[in-house]
Amino acid sequence: MVAISMVPLVLCIDVEPDAHVFAPGQSSPWTGFENMLELVPALRRRLEEATGKPAHFGWSLRIDPQIAMGYGSPTYIAEKYRAQLDDLAGAGDAIGVHPHAWRWDPVRQVTVADHADKQWVDGCTELAVGSFRTIFGRAPDYHRFGAQYMSTATMNLLRSLGVAIDLTVEPGEGPDRDAQLPGTVWTGQTGDFRHAPTAAYRPSPADYLQPDDDDAGEGGLWELPLTSSSRSRFPGPPHRLRSRLRHPLRSVRGLARRLSPTGGTASQPGHRLLAMWLDWPDPRHFWDAAFEAASGPQPPYLAFAIRTDTGSDPALRRTFTRIMDALMEDKRVGDLGFVTPAQALAQMGLATPI
Ligand SMILES: [Zn+2]
């Protein structure tokens with residue numbers, strides 16, 4: 001096998017309230033985000049020392065109707081923490097958006113993940129991208145829809161809104177993975193990523209899970225799927241999820257399809273998201289799986305996403321800390337570069353360097 005000289009690694013931090021859902025008047029604090037703001041400078045320094053390169057992260061801001069309901073403005077987080085976000089952008093981090101389609105139902109007193117209502121979903125997408133533009137004067141650096149929701153219509157809308165990179169696709173994951181979340185009702189269906197491409201691709205306007213063979217030019221929208229692996233659900237006793245979310249294991253069957261003209265393959269049967277929020281019995285095995293996964297897509301890259309409750313939930317924080325500590329001790333760490341999504345595409349030779 002050809003040695004991998006440098007693997008771009010994208011780590012997206014979804015900036016969200018501590019609780020996933022809440023009733024009007026009972027909005028959740030943002031302790032996790034505040035803790036992550038304190039945790040990240042030291043992490044950045046350690047990664048820069050270990051990798052010998054600048055280290056960058058992505059911050060995906062919740063901007064959507066649930067945030068407007070809970071905090072009085074859809075852009076609450078960008079307003080309250082503007083100075084901190086400007087510091088992060090100044091350090092070279094990417095600032096993106098992460099809308100959820102949550103809608104409070106006052107009759108049933110539940111939060112509806114209203115993915116069946118296209119108008120509502122479109123409104124959430126437009127609110128996120130449009131409000132970001134109003135606040136920051138530019139398009140978000142990337143987009144990640146919440147709760148694994150994606151559709152061809154939404155991907156096309158993102159393209160038309162000028163979003164350059166999406167990171168919603170989680171290859172190997174079936175639809176409605178998190179639909180058991182207490183206090184929620186789900187309509188429609190989230191993305192069916194069981195056979196999604198595992199390499200960066202330009203989504204076809206006819207089917208967002210298919211690479212657009214015709215689009216070889218500059219510009220347009222790139223999908224950067226998160227990293228999946230056949231080793232992502234470790235053997236042994238059933239894993240304990242530390243998140244408040246429940247993620248029922250699903251059997252993933254079906255034939256893998258070769259999809260990508262850029263040489264990428266579709267996720268294989270048995271592949272699941274390689275999740276940093278799972279409680280790995282041995283965190284070194286996370287990196288074994290990651291480096292193995294990185295040899296799949298050509299050119300290689302890694303992409304992960306965590307939620308800011310990594311900073312507020314003691315178990316999630318311990319899990320993340322153990323994984324990062326294991327990386328610092330891993331002799332392969334110098335092969336990685338923590339980069340923004342745009343830098344990852346540029347280093348893969350897929351988009352114009354920035
Ligand atoms: Zn989210």
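Remember, it's 1-based here, ligands and their atoms both numbered in the order they're listed. The model shown is predicted, which means the values in this text are computed figures rather than measured ones.
With rounding to the nearest 0.5 Å, the separation of OH in Tyr301 from CG in Leu345 is 8.5 Å.
Residue contacts to the Zn ion (ligand 1): Glu16 brings an N, O or S atom closer than 2.8 Å. The nearest N, O or S atom of His20 is not closer to the Zn ion (ligand 1) than 2.8 Å.
With respect to the Zn ion (ligand 1), His100 has NE2 as its nearest N, O or S atom. Closest approach between the Zn ion (ligand 1) and any N/O/S atom of His98 involves NE2.
Not counting sequence neighbours, Thr321 has no partner by the side chain to side chain donor-acceptor pair (under 3.5 Å) test. For Asp87, there are no side chain to side chain donor-acceptor pair (under 3.5 Å) partners, not counting sequence neighbours.
Taking the ring axis of Trp287 as reference, the NZ or CZ atom of Arg332 does not stay both within 45° of it and closer than 6.0 Å to the ring centre.
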